[in-house]
Amino acid sequence: MTQRRFIDVHILQTVPPANMNRDDQGNPKEAVFGGVRRSRVSSQAWKRATRLAFVDHGMDKQDLGTRTKRIASKLTALLVDRTPLEEEQAARLAGALLDVLEISAGKKAGDTAYLLFYGNRQLEQVADLVMERAEELAALGDKELAAAVKDLPVKETLGTGHPVDVALFGRMVADIPTLKVDAATQVAHAISTHATELEFDYYTAVDDELEEEETGAGMIGTIGFNSATLYRFATINMRQLQENLGDDAETALKAVELFVSSFTRSMPKGYSNAFAHRTLPHLVAVVVRDDQPVNLVSAFERPVSTGNGARAHDGIAAASARRLAREHTTAVTTWGDTPAFTGLCCTLNTEDESTGSALTEAFGQPRSFPALLADLRAHLAEGSH
Amino acid sequence: MASSEEAVLLLRLAGPIQSWGDRSSFNRRDTRPEPTKSGVIGLLAAASGRAREDSITDLAELRLGIRVDQPGTLLRDYHTASDYRGRPLPQAGVSKKGVQKPTSPPKDTYVTTRFYLQDAVFLAGVAGPRPLLETLDHAVRHPSFPLALGRRSCVPTQPISRGLRDGSLGDVLAAEPWLASEHARAVHEREHRTTLGSWISLSATLEDPEHGDDILNDVPRSFDPHHRAFASRRIRHTWLKVPTGLADAGNAADTTADAGHDPFALLGW
C-alpha cells in the first residue's frame, strides 16, 4: 500500500482527583493553553502505559519484541531445536551469523555489548536462513564458514518484519542505522479542556500504637493533585506501520487494533493507590483520513466552563464533547476534506438533543467499542486491497 | 533568480506546545523562543516524504522569515527514564572491551529536562522558487509523515499552510492578519485600550544574506543521523506593522474610553 492514510484517535476522558504524571516537585504536570493553566499528561507517560497494556489486550508474546543481550544464545537454542547440530556446533554457527551484524561482543561468551530490541519471529527467520545447510556449514573451517554466511541477509532479516511494538513506537540503534525503525505513531500530550488549579491534599497519618497520654499525628504531608477532563490525541501513519511490518497487511491491522484499544483503555499509574483514578473515556472518536492527521485541540483553546446558564447542570464532559464535534464538523466543511471513515463510541447521555445531534453529525451514530474496532478493521481491510 | 519566479509560502505554526532546539544534546533539551530553520525544514522534508538520508539542499536554500504572533511562555518539563529490569543505568565511561560500565554508586533513574514553548503562535514565511514552494504547499496539506512542531509529541493544530503569496518576505509577513488566539486578542485589547487600533507591531526575524546583522547556526546540511551538520545564516530582527482585524481605531477608542474599571484586567484575564 503506497496510499497515504492516517488513523486519528480523539479521546475525551474525565479523571477524578489524581496525580498520574508528576514533575520534580511531585505535582501533576501542567501547561498554559489559551491563556489559562491546564492539567497535562506527557505523551511519554501515556505511551508507556499503552505499551504495558499490549499483553493484556490479546497480543501473542511471540509477536512482540524482546530486548536482550543474549541474542546469540537465543539463536543457538533455536538451531539446536530445529537442526541435528550439537550445542557447540550451533553456537559456532550462531556466532558466525551474528558476526555479519558487526555488533561488538559482550563480556560473557554469546552476549552482545548492548541490548538489542528485536522481534521473536525475526530471529526465527534468521535461523531459517541456514536450516537446510546447517550440517554442511558446521563442517566448514572458520574462514570458509565466515565466507559462506557473509552474503546471507541477516541484517535485512532483522531490519524488516519488525514486531508490533517496535513498529508502533520505533527503535534507535546508534551504530547500525539499518536497524533503526521510525515510529508509526504520533502521540500528543494530553491536556485538560478547561482551566485547572493545582490543589493540595494535606494528610496526617496516625500511629496505631499511640500511647494514651501522647497526642498528635505520626506524620504529616501534602500531595498535589487536580481533576480534569482530558483531550487525548494520537495518530497512526498506516503507510509507515505497513512498511515497518514488512508489508504484512494482516499484522498491520492487528497492530492498529492493538494500539487503538490499548491507548484508549490504558492509564498512567502514578499515585494510583492513593487516588484510584482509573476511568474509561467518555468519548472515543476514530477518524481515518487520506490527506493528513488533524488534531482538534483548537476546540479547547477557549477553555470550557460550565457557566451559570441552563447547561450548567450537564457538566464539562458534555460541553467538551459538543466543542469537539463542532470543531471536527467545521474543519471538514471548511477544508472540504471528507474523512474516509468515522466511528464514535460514547458513554455520554446523548438524549440531550444538541449534544447528540452534534456528535452524530460529526462522527456518526455511537456504537460499542468492540463494534467500533471491528468496523475500523473492516474499513481498513477493504482499503488495503 | 528572477523575482517573478519567487514566491513566499506561509505556514501557521501553532499548538499547545512547541519545542525548537538548536544546540541541545543529552539531558537538557532547550527551545529557542522562535522556530528554527532546521525545525521548519524538517517539517517540510517530513511533509514531502523525504527519508533522513535524502538530500535537503534545495530546502536549505529557501529563505525563512518568522513573525511572532503570540510569543507564548517557557514550559519546563521534568522527564525520567529507568531500566525496566531494575538495573543501574550505564555511565559514559567504557571498559577496555568497549562495554559501557554501570554507574557506581548505582544510579537508577535518568532525569532529563525538556523545555517547550506553551501557548505560542508563529507565522513562518518560506521564500524561494515558486514551483518548489507549490509542491511543498501541497505536501504540507497531504504530508507523508505526521508533522510536528520541533518535537514529535508537539502536534500542530490545523490548518498549517496558508498558501503562496507574491512579494518580498518582509512585505508578505506584514500583510497577513494577526493570528493570535481569542484570549491573546482580549488581553491586547484591554492593555491597549487607549491606543487600540487596526494595527499591531509584531517582532520578526528575517533571513537576509546581504543586510543581516546577526548570525544563527541552524541551517541543516543533512538530517542523516551519521552526518549531522549545520551551517549558519545571516538574519535581521525587525518589527512589522500588521493588521489586527480588530475594530477601527477611531470608533473603538471612543466606546472603550468609558468602559470604566475592569477588575479582571489586573489578573490578566
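Naming convention: chains lettered A, B, ... in sequence-line order (proteins, then strands); numbering from 1 in each chain.
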Legend entry - Whether B:R152 side chain and A:T185 backbone form a donor-acceptor pair below 3.5 Å: yes
Legend entry - Interface residue of largest heavy-atom contact number with chain B, from A:K29, A:K47, A:R302, under 4.5 Å: A:K29
Legend entry - A:Q240, part contacting chain B, at a heavy-atom distance under 4.5 Å: side chain
Legend entry - Contact class of A:F233 relative to chain B, heavy atoms under 4.5 angstrom: side chain
Inset, instruction - With a 4.5 Å cut-off on heavy-atom pairs, point out which of A:D23, A:N237, A:D24 contacts chain B the most. - result: A:D24
Inset, instruction - Find the distance between CD (A:Q292) and CZ (B:F145) and round it off to the nearest 0.5 Å. - result: 15.5 Å
Inset, instruction - Search all heavy atoms of B:Q158 against all heavy atoms of A:P293 and return the closest pair with its distance. - result: NE2-O, 3.3 Å
Legend entry - Closest-packed option against chain B by number of heavy-atom pairs under 4.5 Å, given A:E301, A:E30, A:R289: A:E301
Legend entry - Per-residue contact mode, A:Q25 against chain B (heavy atom under 4.5 angstrom): neither
Legend entry - Beyond-backbone contact of B:R52 with A:D182, side-chain heavy atoms, under 4.5 angstrom: yes
Legend entry - Per-residue contact mode, B:R151 against chain A (heavy atom under 4.5 angstrom): neither
Inset, instruction - With a 4.5 angstrom heavy-atom cut-off, could you sort out which part of A:T334 is near chain B: side chain, backbone, both or neither? - result: neither
Inset, instruction - Indicate the atoms forming the closest heavy-atom contact of B:P143 with A:D291, along with that distance. - result: CD-O, 3.4 Å
Legend entry - Top contributor to chain A contacts, counting heavy-atom pairs under 4.5 Å, from B:E182, B:R76, B:H142: B:H142
Legend entry - Which residues share a salt bridge (Lys or Arg N to Asp or Glu O under 4.0 Å) with B:R50, sequence neighbours left out: B:D58
Inset, instruction - Sort A:T235 into side chain, backbone, both or neither according to what part of it lies under 4.5 angstrom from a heavy atom of chain B. - result: side chain
Inset, instruction - Count the heavy-atom pairs under 4.5 Å between each of B:V111, B:V155, B:D224 and chain A, then report the option with the highest count. - result: B:V155
Inset, instruction - Answer with side chain, backbone, both or neither: which region of A:V294 has an atom nearer than 4.5 Å to a non-hydrogen atom of chain B? - result: both
Legend entry - Atom pair CD/OG1 of A:Q44 and B:T80 - distance to nearest 0.5 Å: 9.5 Å
Legend entry - Atom group of A:A183 that falls short of 4.5 Å from chain B, counting heavy atoms: both
Legend entry - Shortest non-hydrogen contact from A:F6 toward B:S144: CZ-O, 3.9 Å
Legend entry - Closest non-hydrogen atom pair between A:W335 and B:P159, with its separation: CZ2-CG, 3.1 Å
Inset, instruction - Please examine the side chains of B:Y116 and A:H189, heavy atoms only from C-beta on, and report whether any two atoms are closer than 4.5 Å. - result: yes
Legend entry - Test item: A:R40 and B:D77 side chains (from C-beta on) under 4.5 Å apart, heavy atoms: yes
Inset, instruction - Examine whether an atom of B:A148 lies under 4.5 Å from a heavy atom of chain A, and if so say whether it belongs to the side chain, the backbone or both; otherwise answer neither. - result: both
Inset, instruction - Answer yes or no: is there a donor N or O on one side and an acceptor on the other, between the side chain of A:N295 and the main chain of B:T157, under 3.5 Å? - result: no
